[in-house]
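Let me begin by presenting the structure, written as structure tokens, before commenting on it.
Numbers here are sequence positions counted from 1. Both counts, for ligands and for their atoms, begin at 1 and track the order of listing.
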Amino acid sequence: MEQVQNPGFSLGARLSLCAEMVRSGARLADIGTDHGYLPIWLFLQGRITKAIAADVREGPLQAAKQNIERWKAENGVSTRLSDGLKSILPQEAEDIVIAGMGGELIARIIQEASWLKQGEKRLILQPMTCQTQLRKFLAEEGFAILKEKAVQEPPRVYTVILAAYDPQNVLQFPGWEEIGGLTGETPAERCYLLKRAASLRKQANGLRLAGKEQEAKDLEETIQILCAKAENSGKDEDR
Ligand SMILES: C[S@@+](CC[C@H](N)C(=O)[O-])C[C@H]1O[C@@H](n2cnc3c(N)ncnc32)[C@H](O)[C@@H]1O
């Protein structure tokens, strides 16, 4: 593969983290590609051999096409109109990125492509919302979280999940639905965990006001787990 050290543009922190999780030499399907920057950048870097930049709407696909031409990536990156993975064949991609969409839509797209459970497929998922529901869905469907990292693009903090079908290794520990594969080792991960704890605290207060004491207590246990993860990992780093 031809190596281009400086493709002429850079990805933001969020898409860079997605790019980092794509395997070298993989054939990629970027679902909901919009501008197409992620597959173009990976191809220009020589990190992937082929990519399909897919989107359900013509407008984004046109933008992706223009960018592919602009950056001369036609030999590696093609566009495709596709609702989720419906127009992608299993043999066309090993690594599948689904980024910048809500967690529920990501789950729907995965559910509609049963072939993701075959072979050595990897999913790189960057949900904008409903991260907890997405982790629960992955576990129910037998997808293990191999890695998860968070990244800050102020004012937001994003999480990126690397998953593969492996029912024996789905996460199982107290608070796993909220923590996923995060270790709390970086400031971004601690920020994510503490933000999530603050959001759950609001929910717990609401439950208490509604007289749902037991549900509030259950949520507070999860909040404590999140805070402990964030604070203990932070101490490790300070030593
Ligand atoms: C916010 S953009 C994210 C672009 C890029 N993936 C990123 O993370 O920067 C979401 C894109 O997903 C596309 N999209 C929404 N639903 C989709 C579906 N069911 N299948 C494929 N693409 C979809 C939209 O058309 C839009 O271009």
At what distance is the nearest protein heavy atom to [atom], and which residue and atom is it?
{"atom": "atom 17 (C) of ligand 1", "value": "Val56 CG1, 3.5 Å"}
{"atom": "atom 2 (S) of ligand 1", "value": "Asp34 OD2, 3.7 Å"}
{"atom": "atom 9 (O) of ligand 1", "value": "Arg14 NH2, 2.8 Å"}
{"atom": "atom 11 (C) of ligand 1", "value": "Gly32 O, 3.6 Å"}
{"atom": "atom 20 (N) of ligand 1", "value": "Gly84 N, 2.7 Å"}
{"atom": "atom 19 (N) of ligand 1", "value": "Asp83 OD1, 2.9 Å"}
{"atom": "atom 27 (O) of ligand 1", "value": "Asp55 OD2, 2.7 Å"}

Exercise for the section: Check Ala216 against Arg208 and note the closest heavy-atom contact, atom names and distance. Expected result: CB-NH2, 3.8 Å
Handout entry: Test side-chain contact (heavy atoms from CB on, under 4.5 Å) applied to Ala29 - qualifying residues, sequence neighbours left out
Key = Ile31, Ile88, Ala93, Ile96
Handout entry: All side-chain contact (heavy atoms from CB on, under 4.5 Å) counterparts of Ser16, not counting sequence neighbours
Key = Leu11
Quick one: [atom1] on [X] to [atom2] on [Y], what's the gap to the nearest 0.5 Å?
{"X": "Ile106", "Y": "Leu125", "atom1": "CD1", "atom2": "CG", "result": "5.5 Å"}
{"X": "Phe137", "Y": "Phe143", "atom1": "CZ", "atom2": "CZ", "result": "6.5 Å"}
{"X": "Leu134", "Y": "Met101", "atom1": "CG", "atom2": "CE", "result": "12.0 Å"}

Please tell me if the side chains of [X] and [Y] come closer than 4.5 Å, counting only heavy atoms from C-beta onward.
{"X": "Gln131", "Y": "Arg196", "answer": "no"}
{"X": "Leu116", "Y": "Glu141", "answer": "no"}
{"X": "Met128", "Y": "Tyr158", "answer": "yes"}

Location of contacts on [X] toward ligand 1, heavy atoms closer than 4.0 Å:
{"X": "Ala99", "result": "both"}
{"X": "Leu38", "result": "neither"}
{"X": "Leu105", "result": "side chain"}

Tell me whether [X] has any N or O atom under 3.5 angstrom from an N or O of ligand 1.
{"X": "Asp30", "result": "no"}
{"X": "Gln126", "result": "no"}
{"X": "Thr33", "result": "no"}
{"X": "Leu15", "result": "no"}

Practice task
Determine, considering heavy atoms only, which of Ala54, Ala53, Gly100 sits nearest to atom 10 (C) of ligand 1.
Solution key: Gly100
Practice task
Can you sort out which atoms of ligand 1 are near Ser82, meaning under 4.0 Å from one of its heavy atoms?
Solution key: 20 (N), 21 (C)
Exercise for the section: On the 0 to 90° scale, with breaks at 30° and 60°, tag the Phe9-Tyr37 ring pair as parallel, tilted or perpendicular. Expected result: tilted
Exercise for the section: Without swapping roles, check the side chain of Arg47 against the backbone of Val22 for a donor-acceptor pair under 3.5 Å. Expected result: yes
Practice task
Please confirm whether Met128 comes under 4.0 Å of ligand 1, counting heavy atoms of the residue only.
Solution key: no
